[in-house]
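Worksheet: the structure to be examined is printed underneath.
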Amino acid sequence: MNKVVNNADDAVRDISDGAVLMLGGFGLCGIPENCIQALVKKGVKGLTCISNNAGVDDFGIGLMLKSRQVKKMISSYVGENAEFERQLLNGELEVELIPQGTLATRCMAAGYGMPAIFTPAGVGTEVAQGKEIRNFNGKDYLMEYAFDADFAIIKAWKGDTQGNLVFKATARNFNPLMAMAGKITIAEVEELLPAGALDPNEIHTPGIYVHRIFQGSAYEKRIEQLTIRKAHQ
Amino acid sequence: MNKVVNNADDAVRDISDGAVLMLGGFGLCGIPENCIQALVKKGVKGLTCISNNAGVDDFGIGLMLKSRQVKKMISSYVGENAEFERQLLNGELEVELIPQGTLATRCMAAGYGMPAIFTPAGVGTEVAQGKEIRNFNGKDYLMEYAFDADFAIIKAWKGDTQGNLVFKATARNFNPLMAMAGKITIAEVEELLPAGALDPNEIHTPGIYVHRIFQGSAYEKRIEQLTIRKAHQ
Amino acid sequence: MALSKEQIAQRIARELKDGYYVNLGIGIPTLVANYIPEGVHVVLQSENGLLGMGPFPFEGEEDPDLINAGKQTITTVQGSSFFDSAMSFGMIRAGKVDLTVLGAMEVSEKGDIANWKIPGKMVKGMGGAMDLVASAKNIIVAMMHTNPKGESKLLPACHLPLTGVGCVKKVVTDLGVLAITEGGFKLLERAPGVSVQEIQSKTAGKLIVEGAVPEMVY
Amino acid sequence: MALSKEQIAQRIARELKDGYYVNLGIGIPTLVANYIPEGVHVVLQSENGLLGMGPFPFEGEEDPDLINAGKQTITTVQGSSFFDSAMSFGMIRAGKVDLTVLGAMEVSEKGDIANWKIPGKMVKGMGGAMDLVASAKNIIVAMMHTNPKGESKLLPACHLPLTGVGCVKKVVTDLGVLAITEGGFKLLERAPGVSVQEIQSKTAGKLIVEGAVPEMVY
């Protein structure tokens, strides 16, 4: 039951060209930095990436975009990325934009074995095009399908050797949802602990969802929008 | 934003005859003991109770059954209760039995604003009668609707004045799901703390779901099946 | 005189009621947090997974793991809680958030809103806006009455791709406060010194003016 | 000689593989936990919200907040985790549990199972059984080969109301081990000293016997 692998290279060893990946994080917050670097190093191509955002030019998924590894992005917001824009406008990159709550719930649906969910997000907009609309109690909902991803690659704060995970603050975001949703789930953690070190009441992601885990290193944790107030405000 | 009420009587003050209630707990584990007693004392009648079980003859929802306050039970398992059986066989009580996972997920659906969910549980059985069946990827699923409950009455381990809740061990069960699902959610807790006392990373139920909270008293926490091993086994 | 962005935020803050859970969008809506009236306690939701958002951190106290939906570093207040994005949008979808304030490019007299896409321009994505407008019980739009070209943003029907349909309840602009009613935009208040006539001339959608329209007081 | 309930559990335990997540039903299945082979590490799931279920507590160490799905007091092992019932059945539905062992009143040669309701008798409810059988990847039924009246419980089709359809993969009874195959019950192993003929005579459903059927070794 020991799910520990040596490092990011080992964790992503069998991700091959054309794979569908989920990548946790919101902006640059809570992203699997080590695995992204390992994927860039590995040079795997033609990836479909399901991730709320696409990183920035020189960090996060932006690094994979720069090295032309991404065929398609499925995201809710892809701003802040000039290289992304260039590839998209040149037709080198496909993008599917979906509402953030729909993105989150389609991950959850996969993790919960629910093939589809209903949400009102996007009713009456171009997001609804081609989708089944259904009325419940006088309100229209779109039927949206669970994601089907080969790998979920996520980042947690603490984890144990059995794959149990705990997230910190808003670095939680999509990570526990994607953890549930991947056929193979790879978790990198800031602190890897022996089984039993985490309080079973406080575990966010039970180990059953996690297939590989390792302690990451050299986390940059870049801040995208440093916003501060003056001491005398 | 202080949601604290004085006691169980105060918390259930406006529950009236014919109300639809969700009651947390699994067997006698994690049940809202104080509120059940207050409901018995109040004598409110004709209730529909959504709860995984129906208590035992002299405890839990069994107390409400004994005083003939329950019109209908919606549960997954109602054994261990002679009075329940008597009322059911005499036609004094309606019962709707639904699979436990369906029960849990219909609570979650209500809390997540999803009008319906799909589950394979019950396909090909009498549970499927009259329900919409839908095939996804070669597998049949039943469409099951979100519950619509007037009040959710739940029990937590710790809570704060803003309604944030933490559950202990398997006393969690249906409690956080029902907490999300009630139009009005009433939480009784073993320990009521000031806002800020709970670690925001470790909260199971955010306060937004909880409308009333109070510190319960005199918890019996009865054990339904005391099972022990011998020291020398 | 037309309101400043700060004043628009200040006016919207008067809509807050004690005990409200509130989601504030990026831009003018974010400023609303600076004007919460005395005695009114609200909890701010950030859709990336936080209830109980506090002010920006002091320098050196920023935490890269603690950001808002605009990716800005923030702090928390007492009684806050973190959760995943599915629960976050679950509570939005279930109508647990009492008030949502967001910006818009266009609002129609039927309450439609367009705020995510301009054809021909690079699209950044809708983020959580479509979820919010489809589910929130009470949506107030904060925006300028006209665009930089001077064209009305309050229209009979939106020209831009929609974010949501028939969802906006109220619009607070630099010129006034307008409720979406069955007949169109009902003018509730004027900015100090701004005439009904000026508002009429800058409102392309149907404007309803009943009796004397009070002037806002600042 | 026919197997005891303990021996049925012991035989099923041999199906466990290292790293399995396993859900054990009430009755004989619960006993499987006592026979987990050396060197095989499995994690027991209890559908009321626990991964990492341990043995029953010593006297005085029982915790009313810590029970299994049979409402028995239990303990946890290192690396355990608690969660709510929706996540619990979510992981079951998503096929994360590798093996489910449960009892049955009847099993059909097509893998249908009936284990929750007898018409005319008080119905207690299906609990989590319908969810488990509808979703588990690998379901083993543990039961006696015949009912107290001596009638076969392995049938061409179930007489009792179904719990699930075409879901059982294997049946371990007091007389043998049978796989559900396209043609019917394929006899894999006999209990020590039990003849193929006896099994045939007590199996109402189609029985497939290919070559010599090995005897179990205890």
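So that the names make sense, note that chain A is the first sequence line, chain B the second, and so on, each numbered from 1.
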Between [X] and chain C, with a heavy-atom cut-off of 4.5 Å, which part of the residue counts as in contact: side chain, backbone, both or neither?
| X | answer |
| --- | --- |
| A/E190 | side chain |
| A/N53 | side chain |
| A/F167 | neither |

Count the heavy-atom pairs under 4.5 Å between each of [options] and chain A, then report the option with the highest count.
| options | answer |
| --- | --- |
| C/L162, C/D65, C/V165 | C/D65 |
| C/G49, C/A69, C/G166, C/S80 | C/A69 |
| C/G125, C/A129, C/S135, C/G127 | C/G127 |
| C/K71, C/E59, C/R93, C/E62 | C/K71 |
| C/A134, C/G164, C/A114 | C/A134 |

Problem - A/K230 to C/F58 six-membered ring, cation-pi geometry met (6.0 Å, 45°) - result: no
Exercise for the section: Tell me whether the guanidinium CZ or amine NZ of A/R172 lies under 6.0 angstrom from the six-membered ring centre of C/F83 and within 45° of its axis. Expected result: no
Please indicate whether [X] has more than 12 foreign heavy atoms, meaning atoms of other residues, nucleotides or ligands, lying under 6.0 Å from its [atom1].
| X | atom1 | answer |
| --- | --- | --- |
| C/K153 | NZ | yes |
| C/K17 | NZ | no |
| C/M122 | CE | yes |
| C/K206 | NZ | no |
| A/N137 | CG | no |
| C/K5 | NZ | no |

Are [X] and [Y] side-chain neighbours, meaning at least one heavy-atom pair lies under 4.5 Å?
| X | Y | value |
| --- | --- | --- |
| A/T227 | C/I74 | no |
| A/Q225 | C/I67 | no |
| C/F89 | A/Q100 | yes |

[options]: which one forms the most heavy-atom pairs within less than 4.5 Å of chain C?
| options | result |
| --- | --- |
| A/L28, A/V127, A/N173 | A/N173 |
| A/G122, A/G79, A/A169 | A/A169 |
| A/S76, A/A121, A/G30, A/A54 | A/S76 |
| A/C29, A/P99, A/G27 | A/P99 |
| A/N52, A/I98, A/V95 | A/I98 |
| A/V123, A/T119, A/N175 | A/T119 |

Practice task
Keeping the roles fixed (side chain from A/R229, backbone from C/P57), state whether a donor-acceptor pair exists under 3.5 Å.
Solution key: no
Side chain from CB out, backbone as N, CA, C, O: work out which of these in [X] comes under 4.5 Å of a heavy atom of chain A, or both, or neither.
| X | answer |
| --- | --- |
| C/T163 | backbone |
| C/V123 | both |
| C/N68 | backbone |
| C/F82 | both |
| C/E61 | neither |

For the atom pair [atom1] ([X]) and [atom2] ([Y]), what is the distance rounded to the nearest 0.5 Å?
| X | Y | atom1 | atom2 | answer |
| --- | --- | --- | --- | --- |
| A/F26 | C/S46 | CZ | OG | 7.0 Å |
| C/D84 | A/L177 | CG | CG | 4.0 Å |
| A/T170 | C/L50 | OG1 | CG | 7.0 Å |

Practice task
Carefully, step by step, assess C/D63 and A/K221 under the rule salt bridge (Lys or Arg N to Asp or Glu O under 4.0 Å).
Solution key: CA-CA 9 Å; C/D63 177 351; A/K221 290 199 182 185; 5.5 Å; no
Handout entry: Pairing of C/K117 and A/E126 as salt bridge, 4.0 angstrom limit
Key = yes
Completion exercise
Scanning both residues in full, the closest heavy-atom pair of A/T125 with C/M130 reads OG1-CE, 3.6 Å
